[in-house]
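Every chain is numbered from 1 and lettered A, B, ... according to where its sequence line falls, protein lines coming before strand lines.
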Protein chains: 2
Amino acid sequence: MRLTTKGRYAVTAMLDLAIHHGEGPITLADIAQRQGISLSYLEQLFARLRKRQLVSSVRGPGGGYTLGRNAEEISVAEVITAVDENVDTTRCGGAHNCQDNQKCLTHELWHDLSDRIHDYLSRITLDDLMKRRDVQEVAQRQEDGAPSVAAGSLKAQAR
Amino acid sequence: MRLTTKGRYAVTAMLDLAIHHGEGPITLADIAQRQGISLSYLEQLFARLRKRQLVSSVRGPGGGYTLGRNAEEISVAEVITAVDENVDTTRCGGAHNCQDNQKCLTHELWHDLSDRIHDYLSRITLDDLMKRRDVQEVAQRQEDGAPSVAAGSLKAQAR
DNA sequence: GAATTCTTGACTAATTTAGTCGGCAATGTA
DNA sequence: TACATTGCCGACTAAATTAGTCAAGAATTC
């Protein structure tokens, strides 16, 4: 399982969607602002998330994205593999040709590790994450604080 | 914990050293040939391994590298962090400034994951790896088969 | 002194990451 | 119907990282 900022961004964005579930479609612009991720980059990520039906979209004014399924039914592992097509710690990506078309010395080690990481992350759902205190705290801060820098006097008008 | 081919190469090379322990110093050229890793790249990796005293070196003819400690006392995690200085899944590398100088939504998730991977890999030693059947099989192949491509008719003359 | 082998550092090609930019497509609202 | 809003798509790009190459030198053995 490859772990890059790409996957991290995707999970963060999906968690944002989960947190704001029930408020109708959420625009990427909102997510970009709250989570500090570039809008155009989000567009790329959501193209892949949509392909896997992890999100569904509504165009036009008032449009945006919503979760494709319930938050309890979306695992972190799924989100990562959706954006990060490459899912393996092994050089060969599961094939056994890491060296001269044969398994390299440490092939099984990386394979086992991949399995474990995948297992771990596939048992954590977006819903699990939402319930964590640390996540709730950060979410609260993002709600209140508004766009951190652009804060200042507008603070009162939040929501 | 960052997992890249760099770390994989390092672990593979160290495991090769462990397997050929007791045959005196092993040259990087040998490792390069057996494991299919570029010699100059190995030089870079071993410079770091030496700094951490995971290997010790002998110069001159008949020289080479040997393990810096017993194979039971060297964990996979140590080898990876030696070559891969960056050890964290979090964007901030353990600091809490992933977003606007504060924790990002998923900070703790990545932190936990890092911990787990590190735990897992720090409990596996080079000695453990050597004892695995799959490793022994590949090692045997490398011993017999010689440089794979250059095999052909020389096959009989192995060892 | 010549051959080996490690040691060091500067350089480089290819790939990946993390974006930017621009235009088009659908849809709701005035 | 016009237009503003939002997603959709593809081409392009800057920066970083990976995976090396290359060359010179230092220690050691024969």
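Few gaps surround CD on B:Glu23; more than 12 heavy atoms of other groups in view lie less than 6.0 Å from it.
Among B:Leu15, B:Asp16, B:Asp134, the one residue that satisfies the side-chain contact (heavy atoms from CB on, under 4.5 Å) test with A:Thr106 is B:Leu15.
Remark: P of D:dG7 and CG of A:Leu17 are 10 Å apart, rounded to the nearest angstrom. Separating the NZ atom of B:Lys51 from the P atom of C:dT7 is a distance of 11 Å, rounded to the nearest angstrom. Per the geometry, NZ belonging to B:Lys6 stands 12 Å off C1' belonging to D:dA16, to the nearest Å. Here the C1' atom of nucleotide D:dG20 and the CZ atom of B:Arg48 are 13 Å apart, to the nearest Å. Distance, A:Phe46 CZ to D:dG7 P: 9 Å, rounded to whole Å. Taking atom CG of A:Leu49 as the reference point, atom P of D:dG7 lies 13 Å away to the nearest angstrom.
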Step by step, work out the side chain to side chain contact (heavy atoms under 4.5 Å, CB included) result for B:Val11 and A:Leu109. CA-CA 10 Å; B:Val11 174; A:Leu109 171 65; 4.1 Å; yes
Determine, step by step, whether B:Arg116 and B:Asp112 satisfy the salt bridge (charged side-chain N to carboxylate O under 4.0 Å, His left out) criterion, reporting the C-alpha distance in whole Å, the side-chain angles of both residues, the deciding distance to 0.1 Å, and the verdict. CA-CA 6 Å; B:Arg116 279 174 181 260; B:Asp112 288 356; over 6 Å; no
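In this structure, the separation between CD1 on A:Ile26 and CG on A:Leu17 is 6.5 Å, given to the nearest 0.5 Å.
For B:Ser75 (side chain) and B:Glu78 (main-chain N/O), a donor-acceptor pair under 3.5 Å exists by modelled atom type. When atom types are taken as modelled, the side chain of A:Gln35 and the backbone of A:Thr12 share no donor-acceptor pair closer than 3.5 angstrom.
At least one side-chain nitrogen or oxygen of A:Arg50 sits closer than 4.0 Å to the OP1 or OP2 atom of D:dC9. Remark: B:Ser57 is not in phosphate contact with C:dT5, judged by side-chain N or O atoms under 4.0 Å from OP1 or OP2. The phosphate of D:dG20 (OP1 or OP2) has a side-chain N or O of B:Tyr9 nearer than 4.0 angstrom.
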Which letter, B, S or -, goes with each nucleotide of nucleotides 21-30 of chain D from 5' to 3', with contact meaning a protein heavy atom under 4.0 Å? BB---BBBB-
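Listed by residue number, A:Ile26, A:Thr27, A:Leu28 are the residues of residues 24-31 of chain A with a heavy-atom contact under 4.0 Å to DNA chain D.
Residue pairs meeting the ring-ring contact (aromatic ring centres under 6.0 Å, His included) criterion with at least one member in residues 49-69 of chain B, sequence neighbours excluded: B:Phe46-B:Tyr65.
In this structure, A:Met14 is not a member of the same hydrophobic cluster as A:Val58, with clusters built from ILVMFWY side-chain heavy atoms closer than 4.5 Å.
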